[in-house]
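Scope of the values below: all heavy atoms of this structure, side chains included, with no hydrogens, waters or symmetry mates.
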Amino acid sequence: MERVRVDAHQHFWNMEKLSYPWLIPAYGPIFRTFEAPELEPQLRSAGMDKTVIVQAANAFEDTDYMLETAEAYDWVGGVVGWVPLDRPDEVSRKLEAYAKNPYLKGVRHLIHEEPDPDWVIRPEVIEGLKVLAQFNMSFDVVAVFPNHLKHIPTLAEKVPNLRMVIDHLAKPPIKDRGWEPWAGQLAAAAASPNVYAKISGLNTAASEKWSAAELQRYTDYAIEVFGASRLMFGSDWPVAILNGDYASVWRETNALLEGRTREEIDAILGGTAVEFYRL
């Protein structure tokens, strides 16, 4: 298989066009508009072939905006959009239309913004996820530890044909050098073959002077429990600039994989994303 490099997790937002309730001035450097022309040169210097744009708002307008961007830039391979998973009938109607767009590959919801930590296992959400699976759409799980990662085995059991990917390894407690119960919960999630994970967003869970060394234990463990064929790289740009930049995330991710086989490296840096998102 030819070597392909995919950034399986990046965002765009336009604050003039859309409202992002979570994006407040306290976020400092990311409290502004970020669009494709700003990312493009950074992708080029990293040697990236394709990206997957991931939703930044629980809104159809955000999905439409991402799909328009995908049309306009040939390096966008896919979009992870949004539908109201707690309204299964509406999910069905919207996906009828959205499924016609070849760029829409999956769906995500900002679970961690929901006041209820058990939102994702509500009966109506499970029904919405079943509809998602019927349309062969994947589900990006914002399983921010410690509230949501533990629910993934339940989802895998209740919706066995749903392909899921855990964003950012569920944000392990890297800065505090924490381990359990994160590690046990990740292994329990990985026990389901339909569950994948992203080596992404780890720099913003690390200390200010982070490097590959600080992340190594967590990524090695992820490779141990998932295998490279169920792991994929994502930059989490522009959120990444809260504690680094595109280049440092790419450089240190490559450093994390030093000593791995060529097959493992190629899977994590592109092959898995191509397969999972049907790029």
Review point. Would Val80 and Ile53 count as a side-chain contact (heavy atoms from CB on, under 4.5 Å) if you check the C-alpha gap in whole Å, the side-chain angles of each, and the deciding distance to 0.1 Å?
Key: CA-CA 6 Å; Val80 175; Ile53 319 175; over 6 Å; no

Exercise for review: Apply side-chain contact (heavy atoms from CB on, under 4.5 Å) to Lys130 and Leu162, showing your working.
Suggested key: CA-CA 7 Å; Lys130 286 178 179 169; Leu162 178 67; over 6 Å; no

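Between Gln216 atom CD and Glu258 atom CD the span is 8.5 Å, to the nearest 0.5 Å. For the atom pair Gln10 CD and Met48 CE, the distance stands at 10.0 Å (nearest 0.5 Å). Atom CD1 of Ile268 and atom CZ of Phe226 lie 11.5 Å apart (nearest 0.5 Å). Between atom CD of residue Glu127 and atom CG of residue Asp89 there is a gap of 10.0 Å, rounded to the nearest 0.5 Å. Remark: Arg262 CZ to Glu264 CD distance equals 11.0 Å, nearest 0.5 Å. Of the inter-residue distances, the one linking Asn14 atom CG with Asp62 atom CG reads 10.5 Å to the nearest 0.5 angstrom.
Residues Val239 and Phe12 share a single hydrophobic cluster, defined by chaining ILVMFWY side chains whose heavy atoms lie under 4.5 Å apart. Leu149 and Val141 fall within a single hydrophobic cluster, where Ile, Leu, Val, Met, Phe, Trp and Tyr side chains are chained together by heavy-atom contacts under 4.5 Å. Placement of Tyr277 and Ile166 in two distinct hydrophobic clusters is found when ILVMFWY residues are connected by side-chain heavy-atom separations under 4.5 Å, directly or transitively. Linking ILVMFWY residues whenever their side-chain heavy atoms come closer than 4.5 Å, directly or via other members, places Val125 and Ile152 in the same cluster. Linking ILVMFWY side-chain heavy atoms closer than 4.5 Å, directly or via other members, places Val83 and Tyr103 in a single hydrophobic cluster.
No side-chain donor from either of Tyr20 and Asn58 sits under 3.5 Å from a side-chain acceptor of the other. Under 3.5 Å, the side chains of Gln55 and Tyr65 contain no donor-acceptor pair of N or O atoms. A side-chain donor from one of Glu214 and Ser207 sits under 3.5 Å from a side-chain acceptor of the other. Looking at Lys171 and Thr204, their side chains do bring a donor and an acceptor atom within 3.5 Å of each other.
Between the Asn203 side chain and the Ala240 main chain, a donor and an acceptor come within less than 3.5 Å of each other. With Thr272 contributing its side chain and Ala228 its backbone, the two residues share a donor-acceptor pair below 3.5 Å. A donor-acceptor distance shorter than 3.5 angstrom exists from the side chain of Thr253 to the backbone of Val249, with no hydrogens or angles considered. Between the Ser200 side chain and the His168 main chain, a donor and an acceptor come within less than 3.5 Å of each other. Not one N or O on the side chain of Ser138 forms a donor-acceptor pair closer than 3.5 Å with the backbone of Met164. Under the 3.5 Å distance criterion, the side-chain polar atoms of Asp49 are matched with a main-chain donor or acceptor of Arg5. Remark: side-chain polar atoms of Asn147 are not paired, donor with acceptor, to backbone N or O of His112 under 3.5 angstrom. Formation of a donor-acceptor pair under 3.5 Å by the Asp118 side chain with backbone atoms of Ile121 is not found in this model. Gln42 places a side-chain N or O within donor-acceptor distance of the main-chain N or O of Glu38, the cut-off being under 3.5 Å. Checking side-chain atoms of Trp82 against main-chain N and O of Leu110 turns up no donor-acceptor pair under 3.5 Å.
Trp22 has its ring centre less than 6.0 Å from the ring centre of Trp13.
The pair Arg44-Glu40 meets the salt-bridge criterion, since a charged nitrogen lies less than 4.0 angstrom from a carboxylate oxygen. No salt bridge links Asp266 with Arg260; every basic N to acidic carboxylate O contact stays at or beyond 4.0 Å.
Residue Phe60 qualifies as enclosed at atom CZ: its count of foreign heavy atoms under 6.0 Å is above 12.
The side-chain heavy atoms of Leu231 and Tyr196, taken from C-beta on, include no pair separated by under 4.5 Å. In this structure the side chain of Thr63 never reaches within 4.5 angstrom of the side chain of Val107, judged on heavy atoms. Taking 4.5 Å as the limit, some side-chain heavy atom of Leu155 sits within range of a side-chain heavy atom of Ile126. Taking the side chain as every heavy atom from C-beta outward, Tyr98 and Asp64 approach each other to under 4.5 Å. The shortest side-chain heavy-atom distance between Ile223 and Leu257 falls under the 4.5 Å cut-off. Residues Val142 and His148 are not in side-chain contact: their nearest non-hydrogen atoms beyond the backbone lie 4.5 Å or more apart. Between His11 and Pro238 the shortest side-chain heavy-atom distance falls below 4.5 Å. Between Leu202 and Glu252, the closest side-chain pair of non-hydrogen atoms is not below 4.5 Å.
A cation-pi arrangement, defined by a distance under 6.0 Å to the six-membered ring centre and an angle within 45 degrees of its axis, is present between Arg163 and Phe276. Both cation-pi conditions hold for Arg32 and Phe34: the charged atom is under 6.0 angstrom from the six-membered ring centre and inside a 45 degree cone around its axis.
Checked against side chain to side chain contact (heavy atoms under 4.5 Å, CB included), Ser45 has no partners two or more places apart in sequence or in another chain. Under the side chain to side chain donor-acceptor pair (under 3.5 Å) criterion, Asp116 pairs with Arg122, sequence neighbours left out. Residues meeting the side chain to side chain donor-acceptor pair (under 3.5 Å) test with Tyr246, sequence neighbours left out: Asp7. Qualifying salt bridge (Lys or Arg N to Asp or Glu O under 4.0 Å) partners for Lys198, counting only residues two or more places apart in sequence or in other chains: Asp140, Asp167.
The two residues Ala99 and Met137 make their nearest non-hydrogen contact at CA-CE, 4.0 Å. Nearest heavy-atom pair, Trp210 versus Asn243, reported as atom, atom and distance to 0.1 Å: NE1-O, 2.7 Å. Pairing each heavy atom of Ile199 with each of Thr219, the nearest pair is CG2-CG2, 3.9 Å. For the pair Asn161 and Ala133, the tightest heavy-atom approach, listed with the atom from each and the gap, is OD1-CB, 3.6 Å. Among all heavy-atom pairs drawn from Trp250 and Ala46, the shortest one is NE1-O, 3.2 Å. Taking both residues in full, the closest heavy atoms of Val6 and Val52 are given as CG1-CG2, 4.5 Å, listed atom of the first, atom of the second, then distance.
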Side-chain donor/acceptor pairs under 3.5 Å, residues 172-193, sequence neighbours excluded:
from: Glu180; atom 1: OE1; to: Gly184; atom 2: N; distance (Å): 3.0
from: Trp182; atom 1: NE1; to: Leu169; atom 2: O; distance (Å): 2.9
from: Gln185; atom 1: OE1; to: Lys150; atom 2: N; distance (Å): 3.4

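Under the ring-ring contact (aromatic ring centres under 6.0 Å, His included) criterion, the residue pairs touching residues 119-139 are His109-Trp119, with sequence neighbours excluded.
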